[in-house]
Number of protein chains: 2
Amino acid sequence: MDVSAETSLGFRPLYLQVREEITRQLASGRWQPGTMLPSEQELARELGVSQGTVRKALDAMTAERILVRRQGRGTFVAEYEESRILFQFFRLYPDSGERLFPISKVLNLSSATPNPREREALGLDDKATVWRISRLRYHGSELMLRETLSLPGQIFQGLSETEEIPNNVYRLYSQRWGITVTRISEKLKAVSADEVDRAALNCAVGAPLLEIRRIAFDLHKRPVEYRESRCQTETMHYASDLS
Amino acid sequence: MDVSAETSLGFRPLYLQVREEITRQLASGRWQPGTMLPSEQELARELGVSQGTVRKALDAMTAERILVRRQGRGTFVAEYEESRILFQFFRLYPDSGERLFPISKVLNLSSATPNPREREALGLDDKATVWRISRLRYHGSELMLRETLSLPGQIFQGLSETEEIPNNVYRLYSQRWGITVTRISEKLKAVSADEVDRAALNCAVGAPLLEIRRIAFDLHKRPVEYRESRCQTETMHYASDLS
DNA sequence: CAGTGGTCTAGACCACGTA
DNA sequence: ACGTGGTCTAGACCACTGT
């Protein structure tokens, strides 16, 4: 690691440089999700720093959930297993009873010119295109929500050829386009069901729904997905932990 | 620090023991919010461990926002300044425009037997009592929400004598009863405004409202506050960041 | 300048998982 | 038995803050 020219101005801790270097190699595909990284000692040798510095970088990436460390086994690239998505990125819980992974039913997939909300959320101009995926999601047999996913056509090239949109789209993003979702920002409002909601969710017009507008960011902090969900919350709730 | 008898079974890292010891001394009032802790070197001497171990304990407590570290100055006990509450524990934002600290107007303070929700949230039995505080909250001049706070009478003794409930109740809990809120759990639903909402919030009956049920926990992970809020979200939203 | 936290190193030993 | 991450130590030096 180049640690020179670091006097007072523009000082950057070594372990942050190491973290960036490892993130770069990760994004470039050196290690696939689920595989093991070299040991701390080996990385330290490769990068020309001490093991403690590598450790601090790996600890930071573990805190960001980009890596998973298992004592006695090694350090692994995080995967998008169902359980991880369920606990980390999906905040709807049944009021009582067991938590189930939401089953999805895709209604529609199309390409379009982005609307203003999509443009703002995804940082696109009006010459760009987006894929739009509409789907319903169920908790067991119970219809929970309807939502539309918007994806930049520029990034998700060849999407329409995909035989089927799976339940777990983040794993698809990772496997097919090498995109790792690391952070999600959501804005929630209570809204009244309109005619479209009534038809899709089989609720009364005017019934209260929880609207969620989500932006998902990748390793480079680039917005890669915009999502609008409308949820019935009679038997479900959205859980938020602040600490 | 007693580090003996730590072979394989019941192994507890030293830095966790140090963290607990410091938390204990903190809860016992050795250092007040806003004051400086002894330096790492000094704590290390006191506790008979190395500076690195103290550092790891302090880093953990800083991550939990119990402490604040300022390079070149020292390590301080976190305070409940307006800005901290605003950013850490209050998730409602205006859709556009500047964020303001919510102004509160207390409607009512009473003592009561806990209802089932309060009993469950606060872990009380039906022989306990709770204080109930009803209030309205404004963002600037705009009425944002109405809420009821429920506090265990056992913990918050002498509350009714308080001349006034301030805007920032967490600072009051800290200053008057030495209670430090460290974690908050919230459950959100979309609900329809009822007659009480209409009267309090000046909205239509049936209008969609965001209902928030909050439980606040102290340093010992004990529930100390239960709160039910009903919010208008026409010009506001609830922000949630997942990472 | 002195004192604080922040970074970095090097090495020892421990706990864990697998073979 | 071996290799991995996890803990702990000791010491050096750097960056930041206030005097």
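In what follows, chains carry the letters A, B, and so on, assigned in the order in which the sequence lines appear, proteins first and then strands, with residues in each chain numbered from 1. Owing to the predicted nature of the structure, the values given are computational and were not obtained by experimental measurement.
- Remark: P of C:dC8 and CZ of A:R19 are 13 Å apart, rounded to the nearest angstrom.
- Between the side chains of A:Y226 and A:E120, no donor-acceptor pair is found at a separation under 3.5 Å.
- A:T235 meets the side-chain contact (heavy atoms from CB on, under 4.5 Å) test with A:E142; sequence neighbours excluded.
- The stretch residues 63-82 of chain B touches DNA chain C through B:R69, B:R70, B:Q71, B:G72, B:R73, B:G74, B:T75, each having a heavy atom under 4.0 angstrom from the strand.
- Spacing between atom CG of B:L58 and atom P of C:dG6 amounts to 9 Å, rounded to whole angstrom units.
- Annotation: the terminal axes of the helix from C:dC1-D:dG18 to C:dT18-D:dA1 meet at 10°, where each axis is the rotation carrying the C1' atoms of four end pairs onto the next four (5 pairs per end, rounded to 10°).
- Between the C1' atom of C:dG11 and the CZ atom of A:R45 lies a distance of 15 Å, rounded to the nearest Å.
- Looking at residues two or more places apart in sequence or on another chain, you find a salt bridge (Lys or Arg N to Asp or Glu O under 4.0 Å) between B:E40 and B:R55, B:R69.
- For D:dT7, the OP1/OP2 oxygens have a side-chain nitrogen or oxygen of B:K56 closer than 4.0 Å.
- The interatomic distance linking B:Q41 (CD) with C:dG3 (P) rounds to 12 Å, in whole Å.
- A search for salt bridge (Lys or Arg N to Asp or Glu O under 4.0 Å) contacts involving A:E147 returns A:R135, A:R137, A:R227, not counting sequence neighbours.
- OP1 or OP2 of D:dT9 has at least one side-chain nitrogen or oxygen of B:T53 nearer than 4.0 Å.
- With 3.5 Å as the limit, one finds no donor-acceptor pair spanning the side chains of B:Q17 and B:E21.
- A:E46 has a carboxylate O that lies under 4.0 Å from a charged side-chain N of A:R30, or vice versa, which qualifies the two as a salt bridge.
- Aromatic ring orientation, B:Y238 versus A:Y238: perpendicular (interplanar angle above 60°, classes split at 30° and 60°).
- With sequence neighbours left out, the ring pair (Phe, Tyr, Trp, His ring centres under 6.0 Å) criterion links A:Y80 to no other residue.
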